[in-house]
Amino acid sequence: MGRFNEIADHQARPGYPDALVTRIVAGSPGPDVLDVGCGTGIAARQFEAAGSAVLGVEPDARMADFARGRGLQVEVAVFEAWQPAGRTFDAVIAAQSWHWVDPVAGAVKAARVLRPGGRLAIFGHVYEPPAEVAEPFAAAFRRAAPDSPLNAQPARRPLDLYQAQAAYAKFADKIRETEQFKEPEQWRFDWEQSYTRDQSLDLLPTTGGLTQLRPDQLAEVLDAVGDAIDSLGGRFTMNYTTLAATAVRVGAC
């Protein structure tokens with residue numbers, strides 16, 4: 001049951017901006033993409049829809065099986081230990097998965113499997129709900145989990161964005177240290193997504209400190225958020241920021 005819930009949670013997560021996918025595809029020398037920590041294949045399917053041929057590497061066998069069931073090619077391995085068997089790629093992507101990868105060994109491995117001119121792109125989301133949802137959520141979370149360190153954060157999420165920007169700057173630093181890439185770039189995409197009450201309550205348990213709550217604690221938070229969304233007419237708009245650290249592999253032309 002727990003593993004099924006992890007898969008369902010992963011599937012509830014939003015996709016990635018079309019502008020990001022298009023920029024990576026257009027800036028790569030060919031169609032072959034390696035998706036590091038592909039999970040259930042959310043990003044991989046977007047890249048396939050954009051014309052890429054995607055191979056996923058995923059350490060969780062059940063998530064890999066789920067992704068295969070959706071038509072994706074996936075090999076089960078931790079990226080640092082994965083054996084490319086001489087294969088090379090035009091892009092290596094990591095969609096909200098690079099925090100599980102050693103940032104130095106991972107960047108070196110990516111350089112090894114990228115063709116000259118190929119792109120490494122590490123990206124992920126930060127989100128900011130409206131105050132009418134964020135404040136009831138924060139109050140319910142404080143009641144349900146009063147000892148959580150997340151209670152030190154404000155109800156809205158500028159601190160999360162600041163911390164994420166710092167994390168992606170560190171990813172860029174580690175890429176730079178390999179001396180196998182051109183100067184890394186940091187990209188930012190701001191976008192919105194509308195959620196119904198049910199869609200939001202499916203997404204929330206996959207995020208932040210809620211993954212660690214007991215069922216009774218989680219129910220208290222979800223009830224409060226559900227009531228808040230009902231007061232808005234059953235729907236609200238979430239603001240997202242997608243950040244990326246990316247660089248092009250150097251090499252002989």
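What you see below is based on every heavy atom in this structure, not just the backbone, and it leaves out hydrogens, waters and symmetry mates.
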All heavy atoms of Ser194 vs all of Arg235, minimum pair found to be OG-NH1, 2.9 Å
When clusters are formed by joining ILVMFWY residues with side-chain heavy atoms under 4.5 Å apart, either directly or through shared neighbours, do Ile42 and Val21 land in the same one? yes
Shared ILVMFWY cluster between Val54 and Phe123, side chains joined below 4.5 angstrom?
yes
Closest non-hydrogen contact found for Pro14 with Trp191 is CB-CH2, 4.1 Å
Quiz item: Could Arg176 and Asp173 be called an ion pair, given the rule that one side-chain N must be under 4.0 Å from one carboxylate O?
Solution: yes
Would you say Val76 ends up clustered with Val92 if hydrophobic residues are merged whenever their side chains have heavy atoms under 4.5 Å apart, either directly or through other cluster members? no
Checklist entry - Does Thr178 reach the side chain of Val108, with side-chain heavy atoms less than 4.5 Å apart? => result yes
Quiz prompt | 4.5 Å side-chain heavy-atom contact, Tyr168 and Ile122 | solution = yes
Would you say the side chain of Phe189 lies within less than 4.5 Å of the side chain of Thr241, judging by non-hydrogen atoms? no
task: Apply the test side-chain contact (heavy atoms from CB on, under 4.5 Å) to residues Arg188 and Thr242: give CA-CA distance (whole Å), side-chain angles for both, the deciding distance (0.1 Å), then the verdict.
output: CA-CA 6 Å; Arg188 173 174 173 165; Thr242 299; over 6 Å; no
Per side chain to side chain contact (heavy atoms under 4.5 Å, CB included), Phe141 is matched among Leu210, Leu218, Val225 by Leu210
Heavy atoms of Lys182 and Ala247 approach each other most closely as O-CB, 3.7 Å
Does Arg115 form a side-chain hydrogen bond (donor to acceptor under 3.5 Å, both in side chains) with Thr88? I'd like the steps, not just the answer. CA-CA 6 Å; Arg115 295 166 187 149; Thr88 56; 2.9 Å; yes
Interatomic distance, CD1@Ile24 vs OG@Ser52, rounded to 0.5 Å, equals 9.0 Å
With the 4.5 Å side-chain cut-off for hydrophobic clustering, are Val36 and Leu72 part of the same group? no
Check: So, does Gln217 use its side chain to make a donor-acceptor pair with the main chain of Ala144 at under 3.5 Å?
Finding: yes
**Asked** Is there a donor-acceptor contact under 3.5 Å from the side chain of Glu58 to the main chain of Gly39?
**Response** yes
Would you please test Tyr16 and Gln96 for side-chain contact (heavy atoms from CB on, under 4.5 Å) and show each step?
-> CA-CA 10 Å; Tyr16 299 91; Gln96 297 201 164; 3.6 Å; yes
d(Leu120 CG, Gln180 CD) to nearest 0.5 Å is 12.0 Å
Treating Ile, Leu, Val, Met, Phe, Trp and Tyr as nodes and any side-chain heavy-atom pair under 4.5 angstrom as an edge, say whether Val248 and Ile93 lie in one connected cluster. no
| task | Would you confirm whether Asp90, through its side chain, and Asp32, through its main-chain N or O, come within 3.5 Å as a donor-acceptor pair? | result | yes
**Asked** Is a side-chain N or O of Arg23 found less than 3.5 angstrom from the main chain of Leu20, in a donor-acceptor match?
**Response** no
Whether the side chain of Ser231 engages the backbone of Ala228 through a donor-acceptor N/O pair (distance < 3.5 Å, no angle test) should be reported. yes
Note to self: Do Phe89 and Leu55 have side chains that approach each other closer than 4.5 Å (heavy atoms only, starting at C-beta)?
What the structure shows: yes
Open item on the list: For Arg70 and Thr40: C-alpha separation, side-chain torsions, deciding distance, then whether side-chain hydrogen bond (donor to acceptor under 3.5 Å, both in side chains) applies.
Closed with: CA-CA 8 Å; Arg70 304 295 293 273; Thr40 59; over 6 Å; no
